Amino acid sequence: MYRLVFTQVLQRFDAEAVHRLTVAGLALLARLPLLKRLLHQAYAPHDPALRVSAFGVHFPGPLGLAAGFDKDAACAEGIAALGFSHVEVGTITAHGQPGNPRPRLFRLPRQRALINRMGFNNEGALAAARRLRRPRSVPVVVGVNIGKTKVVPESEAVGDYVASARTLAPLADYLVVNVSSPNTPGLRNLQAVTLLRPLLTAVKEVADATPRRTPLLVKIAPDLADDDIDAVADLALEIGLDGIIATNTTIRHSGEQGGLSGRPLKERSLEVLRRLRARVGDRLTLVSAGGVEDVDDVWERLLAGATLVQGYSGWIYGGPLWAARIHRQLAVRVRRHGMKSITEAIGRTA
Ligand SMILES: Cc1cc2nc3c(=O)[nH]c(=O)nc-3n(C[C@H](O)[C@H](O)[C@H](O)COP(=O)(O)O)c2cc1C
């Protein structure tokens, strides 16, 4: 049914226009407490066998929405009501910015993929903080993903990230330093350990100083060389980060300029996860994103060592209740394997 709606209706409209409308709809849902609670009751994961804990935070299930959909923290409750266990909002920058000129989001339906060059369009940290302070009536784990403001030069990047962290870390269930988006010039250079060490150290100081000590993760690109992946993993251990999110979109493709996500990213994303797991074992929480389409993909990531799994493109092609469906199927699979908890699957084949 959704496939029909997608091919016959949604695909006829500009991808970003559909995205904006969806965010507005989900934000509206947040203002309708009864409907929101009903949907949450029906679709959010409630099965105790699906619960996972990571860095001291309890998640009702492993599958969350990756960063980039709810860029301004406008609709996390609505997203949770559709079945995601957590929502990573952002990327948020210290200063609001318009992002790149449109069009900047493209569908590749035959490949079940997307290309985007959004460029961190967002209203800035203060606007997001105002929204994150609003009381919520359904439970949702909210991660906050921060990035560099475009006009800030690389030499001042640390101060820019720290400014965002000061505003947002106290309001986040976990904080993510994004150094891997391809659409802010120079951003991915920050993945080099010489630049990454001072950046992560400074942000960690801020995250550690919040009343609850906000867990801190770093999000990396799939295009890093294997040695660089190892170097970031070692650095994360050395500094005492809580985890790594792998991966962002890839620039290894021949289409429109921008980052490619969805099915073509699956293999590399899994490869990066396996490499990270081999390097760090269970000393860091690994969050796997990239090309997750169905319950088999989520299961495979868990077995390979991810505690949490995130999707974005899979949801666009899978329909609004994609995450609810996968969580339901995961619960069945857990029992079929004679497990009491999905946590027994984590790292099994690593
Ligand atoms: C339209 C779009 C916008 C995105 N924006 C961000 C972003 O702002 N920050 C970020 O860390 N990742 C962003 N991503 C990357 C996703 O969070 C995710 O890492 C990537 O898409 C791989 O997952 P997928 O294959 O399930 O889509 C974006 C992805 C898409 C498709």
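As the structure lists them, so they are numbered: ligands from 1, and atoms in each ligand from 1. Predicted model, so just to flag it, every value in this text is computed and none were measured. Positions are given from 1 along the sequence.
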> Okay, side chain of T210, backbone of P170: is any donor-acceptor separation there less than 3.5 Å?
Replying inline: no
> Hey, is R20 close enough to E16 for a salt bridge, meaning N to O under 4.0 Å?
Replying inline: yes
List, pair by pair, the atoms of ligand 1 and of the protein that are both N or O and lie under 3.5 Å apart, giving the separation rounded to 0.1 Å.
residue: ligand 1; atom: 5 (N); partner: K71; partner atom: NZ; Å: 3.4
residue: ligand 1; atom: 8 (O); partner: K71; partner atom: NZ; Å: 3.0
residue: ligand 1; atom: 8 (O); partner: T91; partner atom: N; Å: 3.1
residue: ligand 1; atom: 8 (O); partner: T91; partner atom: OG1; Å: 3.3
residue: ligand 1; atom: 9 (N); partner: T91; partner atom: OG1; Å: 2.7
residue: ligand 1; atom: 9 (N); partner: N178; partner atom: ND2; Å: 3.4
residue: ligand 1; atom: 11 (O); partner: N145; partner atom: ND2; Å: 3.0
residue: ligand 1; atom: 11 (O); partner: N178; partner atom: ND2; Å: 3.1
residue: ligand 1; atom: 11 (O); partner: K219; partner atom: NZ; Å: 3.1
residue: ligand 1; atom: 11 (O); partner: N248; partner atom: ND2; Å: 3.4
residue: ligand 1; atom: 12 (N); partner: K219; partner atom: NZ; Å: 3.1
residue: ligand 1; atom: 14 (N); partner: A67; partner atom: O; Å: 3.3
residue: ligand 1; atom: 17 (O); partner: A67; partner atom: N; Å: 3.4
residue: ligand 1; atom: 17 (O); partner: A67; partner atom: O; Å: 2.7
residue: ligand 1; atom: 17 (O); partner: K219; partner atom: NZ; Å: 2.8
residue: ligand 1; atom: 19 (O); partner: K219; partner atom: NZ; Å: 3.0
residue: ligand 1; atom: 19 (O); partner: T247; partner atom: O; Å: 2.9
residue: ligand 1; atom: 23 (O); partner: G290; partner atom: N; Å: 3.4
residue: ligand 1; atom: 25 (O); partner: G262; partner atom: N; Å: 2.8
residue: ligand 1; atom: 25 (O); partner: G291; partner atom: N; Å: 2.8
residue: ligand 1; atom: 26 (O); partner: Y312; partner atom: N; Å: 2.9
residue: ligand 1; atom: 27 (O); partner: S313; partner atom: N; Å: 2.9
residue: ligand 1; atom: 27 (O); partner: S313; partner atom: OG; Å: 2.6

>> Tell me if the centroids of the rings in H40 and H46 come within less than 6.0 Å of each other.
In response: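 Yes, close enough.
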> With ring centroids as reference points, do H327 and W322 lie under 6.0 angstrom apart?
Replying inline: no
> Just how far is it from atom NE2 of H19 to atom CG of L114, taken to the nearest 0.5 Å?
Replying inline: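 Answer for the NE2-CG pair, H19 versus L114, is 10.5 Å.
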> Rounded to the nearest 0.5 Å, what separation is found between the NZ atom of K150 and the OG1 atom of T93?
Replying inline: 11.5 Å
